[in-house]
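Okay, structure first, notes after.
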Protein chains: 2
Amino acid sequence: MNKKQVTAEHHHFPWDHPRFRSWIAVARACQLMQQTLTRELAHLDIKPPHLDILINLYRFDGITQQELARKLLVGRSNMSMLLPQLEKRGLIKRRGDARDKRVLRLSLTPAGRTLTEEAMEIQTALIEKSLTGSPIEDCMTVAQSMERIIATLLKEDGD
Amino acid sequence: MNKKQVTAEHHHFPWDHPRFRSWIAVARACQLMQQTLTRELAHLDIKPPHLDILINLYRFDGITQQELARKLLVGRSNMSMLLPQLEKRGLIKRRGDARDKRVLRLSLTPAGRTLTEEAMEIQTALIEKSLTGSPIEDCMTVAQSMERIIATLLKEDGD
DNA sequence: ACATCATTGTACAACGATGAACAAAAAGCA
DNA sequence: TGCTTTTTGTTCATCGTTGTACAATGATGT
């Protein structure tokens, strides 16, 4: 009931808000994870963006470039730049669809599948190592929060 | 004790691991948040990387480029590319240190301070809006998990 | 059938981020 | 003092990402 409270009850700065601090931590962790993954994938001569592509081709064989770009939250032009590289390296195959001559359907070659499995091994190991300090239920809480964020941001995006 | 269990007890795929799925959600949320923030900052003619710089100059007046780069987890060369732009726009000031003639000490101009406050308002609003679905205690859990990840990844980085 | 609009992939210029090589200044050490 | 090593910032070539403009194909409506 004196001066102390007056200064304590004001939250002028963003970094005093718990949600703000929380998000900054998320962003930095993400950045660090990307950098570390980049280093650990170096000897396979691929980078996180390539791995994202390969994993999705592994899961969804025959997907189109458009669908792939939407899953990865990147532009179509991005795929047009990266996919020919992977194709030249013999990791993926692109063949036109008979019914819709606009689309190119994507799939992994045997070499691509092998490389993807090696890379996923590395990524999984890195994630497990980084998250061993957090109990599974905390990971579930994190996942739920993140899914809510994704839903919120996607909703106002496609209006 | 028959065939069913044999296939069920194997977790071949990364996306079956809860920690893996959890991290994928983190990465996608981060990506989306960045894109949304980029759009909402557009009318101020700055992008998330610039805002990161400005906020740190707001908090830590007189910081050097090296210290700034370390806080942002980017290379020194990155700062050498971005800071001259902000200086030409009259948002920051760079002046040499008398005692150590190598370093440049950074500070915001009045115009830079004003712009930073506007931009922080936007970012804070976006974060609050995206996280309103998550109770504060969940945010704290998220923050703790992320700080652990950061600590883990930084530890093996600076060895 | 025809015109119009939407969708899919590409080409290109602009920009941010990186790592390596470099110059200048400081720090450590003989 | 003089020599080496470390630190700080810059420059440059390279690469991923974006947005825009474009061509080809498909879908829609009259």
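A, B, ... follow the sequence lines: proteins, then strands. Residue 1 opens every chain. Please read these numbers as outputs of a predicted model, since none were measured by experiment.
No donor-acceptor distance shorter than 3.5 angstrom exists from the side chain of B/Ser22 to the backbone of B/Pro18, with no hydrogens or angles considered. Between the A/Gln31 side chain and the B/Leu72 main chain, a donor and an acceptor come within less than 3.5 Å of each other. A donor-acceptor distance shorter than 3.5 angstrom exists from the side chain of A/Arg19 to the backbone of B/Leu131, with no hydrogens or angles considered. No side-chain donor-acceptor contact under 3.5 Å links B/Gln65 to the backbone of B/Leu83. The backbone N or O of A/Ser107 sits nowhere less than 3.5 Å from a side-chain atom of A/Arg95 that would complete a donor-acceptor pair. A donor-acceptor contact shorter than 3.5 Å links the side chain of A/Gln35 to the backbone of B/Leu73.
In the displayed structure, B/Lys93 atom NZ is contacted under 6.0 Å by at most 12 heavy atoms of other residues, nucleotides or ligands. The number of heavy atoms from other shown groups lying within 6.0 Å of CZ (A/Arg70) does not exceed 12. Within 6.0 Å of CD on A/Gln85 lie more than 12 heavy atoms contributed by other residues, nucleotides or ligands. For A/Glu118, the CD atom sits in a packed shell: over 12 heavy atoms of surrounding residues, nucleotides or ligands are nearer than 6.0 Å. Residue A/Arg21 qualifies as open at atom CZ: its count of foreign heavy atoms under 6.0 Å is 12 or below.
Nucleic acid contact class of A/Asp100 (heavy atoms, under 4.0 Å, all strands): sugar-phosphate only. Within the nucleic acid shown, B/Arg99 comes within 4.0 Å of sugar-phosphate atoms alone, with no base atom in reach, counting heavy atoms only.
Contacts of residues 79-96 of chain B with DNA chain C (heavy atom under 4.0 Å): B/Leu82, B/Gln85. For DNA chain D, the residues of residues 52-75 of chain B within the heavy-atom distance limit of 4.0 Å (strictly under) are B/Thr64, B/Gln65, B/Gln66, sorted by number.
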Identify each atom pair where a protein N or O and an N or O of nucleotides 3-6 of chain D are less than 3.5 Å apart, giving names and distance.
none

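The separation between B/Asp97 atom CG and D/dT8 atom P is 12 Å, rounded to whole Å. Spacing between atom CD of B/Gln35 and atom C1' of D/dG16 amounts to 14 Å, rounded to whole angstrom units.
Of the residues near DNA chain D, A/Ala98 and A/His50, the one whose nearest nucleotide (by heavy atom distance) lies more toward the 5' end is A/His50.
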Please set out all donor-acceptor pairs under 3.5 angstrom arising from side-chain atoms of residues 45-58 of chain B, sequence neighbours excluded.
residue, atom, partner, partner atom, Å
B/His50, ND1, B/Lys47, N, 3.0
B/Asn56, ND2, B/Asp52, O, 2.9
B/Tyr58, OH, B/Glu117, OE2, 2.6

N/O donor-acceptor pairs under 3.5 Å from side chains in residues 108-115 of chain B, not counting sequence neighbours:
residue, atom, partner, partner atom, Å
B/Thr109, OG1, B/Gly90, O, 2.6
B/Thr109, OG1, B/Leu91, O, 3.1
B/Thr109, OG1, B/Gly112, N, 3.1
B/Thr114, OG1, B/Pro110, O, 3.1

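If you walk DNA chain C from 5' to 3' and mark each nucleotide with an atom closer than 4.0 Å to a heavy atom of chain A, the marks span C/dT7 to C/dT18.
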